[in-house]
Amino acid sequence: MLKYKRPDFLPIKTYKKMEADPLNSLTNALSKIDEKDGAAIQLVIRSAPPSWRKLGAKVASKMQQGKKFEDALKDAKGGFGAFFSKAFKSKPKEGQMGQEQYKLSPMEEEMVKGIEEKASK
C-alpha cells in the first residue's frame with residue numbers, strides 16, 4: 001500500500017511536469033515477463049471526499065493571507081492546537097507596530113497554486 005509522507009492535498013508531480021514517461025519503467029518490467037507467465041496491474045480510483053477538498057482550499061487561503069504552511073495547516077484543521085496558538089499568541093505592546101506579515105517565497109506560491117489546482121479537481 002502506498003501512502004503519502006506529507007498531507008495528501010499537497011500537489012504531486014503530474015505527467016505534464018515529468019521529463020520522462022512515467023509508465024516507461026512499468027512497461028519495461030512487463031515486457032520482461034515470459035510468455036507463459038502472467039501479470040496484472042490493478043488501479044483503484046475513487047473520488048475524494050468533499051472534506052478533503054475543503055481542507056486543501058482552507059490551507060491555500062490561509063497561506064495567501066500570509067501564513068506559513070505549518071501555521072496555515074494548524075488553523076485549517078482547527079481544534080485545540082489552533083485555539084491555544086491564538087489564545088497565547090503574544091500581542092504587540094502599545095506604540096509598537098504589529099508583526100510584519102509573512103511573505104510567501106516563490107516556492108510557497110507555487111505550492112499554493114498546486115494545492116488550489118488539486119483541490120479543484
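These numbers were taken from a predicted model, which means no experiment stands behind them.
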Run the numbers on E109 and K103 for side-chain contact (heavy atoms from CB on, under 4.5 Å), then give the verdict.
CA-CA 10 Å; E109 288 175 3; K103 175 108 170 81; 4.1 Å; yes
Report the C-alpha separation of K77 and L55 in whole Å, then their side-chain angles, then the decisive distance to 0.1 Å, and conclude whether the side-chain contact (heavy atoms from CB on, under 4.5 Å) test is met.
CA-CA 7 Å; K77 283 185 174 180; L55 181 60; 4.1 Å; yes
Side chain proximity check, E70 to L73, heavy atoms < 4.5 angstrom:
no
Within this structure, what is the OG-CD1 distance for the pair S61 and I115, rounded to the nearest 0.5 Å?
11.0 Å
Can you name the residues that form a side chain to side chain contact (heavy atoms under 4.5 Å, CB included) with A57, not counting sequence neighbours?
none
Identify the heavy atoms of A72 and K62 that sit nearest to each other, and give their distance.
CB-CB, 3.5 Å
Might you work through the side-chain contact (heavy atoms from CB on, under 4.5 Å) test for E116 and M111, ending with a clear yes or no?
CA-CA 9 Å; E116 288 174 335; M111 181 190 296; over 6 Å; no
Could you tell me whether K113 and E110 have a side-chain N and a carboxylate O separated by less than 4.0 Å?
yes
List the atom pairs, donor and acceptor, that lie under 3.5 Å between side-chain atoms in residues 18-27 and the rest of the protein, sequence neighbours left out.
{"residue": "D21", "atom": "OD1", "partner": "L23", "partner atom": "N", "Å": "3.2"}
{"residue": "T27", "atom": "OG1", "partner": "L23", "partner atom": "O", "Å": "3.1"}
{"residue": "T27", "atom": "OG1", "partner": "N24", "partner atom": "O", "Å": "2.9"}

Beyond-backbone contact of M63 with K58, side-chain heavy atoms, under 4.5 angstrom
no
If I compare all heavy atoms of E108 with all of L104, which pair ends up nearest, and what's the gap?
OE1-CA, 3.4 Å
Do any side-chain atoms of residues 32-46 form donor-acceptor pairs under 3.5 angstrom with protein atoms, and if so which ones, sequence neighbours left out?
none

Are side-chain heavy atoms of V112 and F69 found at a separation under 4.5 Å?
no
